[in-house]
Number of protein chains: 2
Amino acid sequence: MSDPPLRADARRNRARILAAAAEVFDAHGTSASTEEVARTAGVAIGTVFRHFPTKADLLTALMKDLQGRLAARAAALAEEGDGTALFTFFAEVVEYAAGARTVVHLLAVDVGVDRQVAALGTAVEVLLARAGEAGTVRAGVRADEVTALLAAACHGALAAGWTPDLRHRTVARLLDGLRP
Amino acid sequence: MSDPPLRADARRNRARILAAAAEVFDAHGTSASTEEVARTAGVAIGTVFRHFPTKADLLTALMKDLQGRLAARAAALAEEGDGTALFTFFAEVVEYAAGARTVVHLLAVDVGVDRQVAALGTAVEVLLARAGEAGTVRAGVRADEVTALLAAACHGALAAGWTPDLRHRTVARLLDGLRP
DNA sequence: CTAAATTATGAGTCACCACTCATCTTGTCA
DNA sequence: TGACAAGATGAGTGGTGACTCATAATTTAG
């Protein structure tokens, strides 16, 4: 049930590996090799596989972290919340995704979507409800549509090489479709 | 300058390979192996590489074909053209992309984008101009934004597993952002 | 400080894939 | 039809990447 506590060096290495994985996968995509993660972390390849028996396990750990940060940001925005929080969140995520390829991995099917996108979806639902109360969003817009648009924008911004300018204009157009 | 004409069997095999490649890459993405293409075409692997010295060459041939068909469809729609041709084209491409992974490859950076997306971009420009004349599109919308939205929608529809229903609603929202 | 247990190391294994080439087959043309 | 060139074949090559495991190095408890 409870795991024996990690040795000091093991804790340190685990943290290093996660940081390196975020850096490498953000830069080169999730197809980057595990060996490059190990090299970046300053650790032997075996150590990576001791902590994360599978590359997928490593990815999952990263995704959990990322999804937690996104949900927290959404919650914070909902707190301050005038009706524009949804739009702010949307734009921020796309902006972040433009420089971090892991985000689209979170929004894609391959990862354990069920939980992860569900949780992100909840965040979007809350923001959408706030916007609905404030009347800043068109009637009839559903949360899954917003999440879908968010995923599309992130994928597009990364896969096709949008310039910052094009990215901003495109997101603006996209959000226009949600306004009354 | 001019190539000596192909032998009969060579012509037949070339056609089979292209058809098989379209089928395989549409179904499993461009990362599917060349050997599977050969198997599907009923041809030895060496034959594939005789016709297309590189996997990239095979992809390029497919992309040229696809891009030609899309441009032709856009032209046909512009012909009939009331102001809704742009919207029809947009929806059709996304619908097609939902079942054919090669489309997003065409819209992504990796392929020789410069030419290809440029040609697709031209088609979009024409349709956008028609829509502008008819007043069915919001003022200030630029062609590159429409192309970007199209790419985003195609990527999203494929990468995140949108249901047909969600896909239709999402595209509708997206197009709403373009209307006056 | 020492022993036992945990962790780190990195060369090696296995599978996959793009691509090659010596050899065999088939189409073409006189 | 016969002969030659164009094309087809598929086992083989080289390279990469996920993952393993025997051995070495650290940590920690007593």
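The sequence lines fix the lettering, A, B, ..., with proteins before strands; numbering per chain opens at 1. Being a predicted model, the structure only gives us computed values, none of them experimental. Worth knowing before you read on, the calculation uses all heavy atoms, side chains too, and leaves out hydrogens, waters and symmetry mates.
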[X] [atom1] - [N] [atom2] separation (whole Å):
X     : N      : atom1 : atom2 : answer
B:R50 : C:dA22 : CZ    : C1'   : 14 Å
B:R16 : D:dT9  : CZ    : P     : 10 Å
A:I17 : C:dT7  : CD1   : C1'   : 11 Å
B:R39 : D:dT9  : CZ    : P     : 14 Å

Could you pick out which residue, B:F52 or A:G42, lies toward the 5' side of DNA chain C when each is mapped onto its nearest nucleotide?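 Comparing both residues, the 5'-ward one is A:G42.
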
Polar side chain donor-acceptor pair, B:T84 to B:D82, under 3.5 angstrom: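 Judged by distance alone, the side chains do pair up.
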
Collect all protein-nucleotide pairs involving nucleotides 27-30 of chain D in which both atoms are nitrogen or oxygen and the distance is under 3.5 Å.
from, atom 1, to, atom 2, distance (Å)
D:dT27, O4', A:R7, NE, 3.3
D:dT28, OP1, A:A8, N, 3.3

Any idea which heavy atoms bring [X] and [Y] closest together, and the distance?
X      : Y      : value
A:F52  : A:A61  : CE2-CB, 3.9 Å
B:A74  : B:F89  : CB-CE1, 3.7 Å
A:E145 : B:T170 : CA-OG1, 4.2 Å

Does a nitrogen or oxygen in the side chain of A:N13 sit under 4.0 Å from OP1 or OP2 of C:dA8?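 Affirmative; the distance criterion is met.
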
Establish, with yes or no, whether the OP1 or OP2 oxygen of D:dA8 is under 4.0 angstrom from a side-chain nitrogen or oxygen of B:H51.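 Yes, within the criterion.
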
Below 3.5 Å between N/O atoms, which protein atoms pair up with nucleotides 14-18 of chain C? Just atom names and distances, please.
from, atom 1, to, atom 2, distance (Å)
C:dA18, OP1, B:K55, NZ, 2.8
C:dA18, OP2, B:T34, N, 2.9
C:dA18, OP2, B:T34, OG1, 3.3

Who passes side chain to side chain contact (heavy atoms under 4.5 Å, CB included) against A:T47, sequence neighbours left out?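 Side chain to side chain contact (heavy atoms under 4.5 Å, CB included) list for A:T47, sorted by chain: A:N13, A:I17, A:V43, A:A44, A:H51.
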
side-chain contact (heavy atoms from CB on, under 4.5 Å) partner of A:V103, the single match among A:L66, A:V94, A:L158: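 Exactly one option meets the side-chain contact (heavy atoms from CB on, under 4.5 Å) with A:V103, and it is A:L66.
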
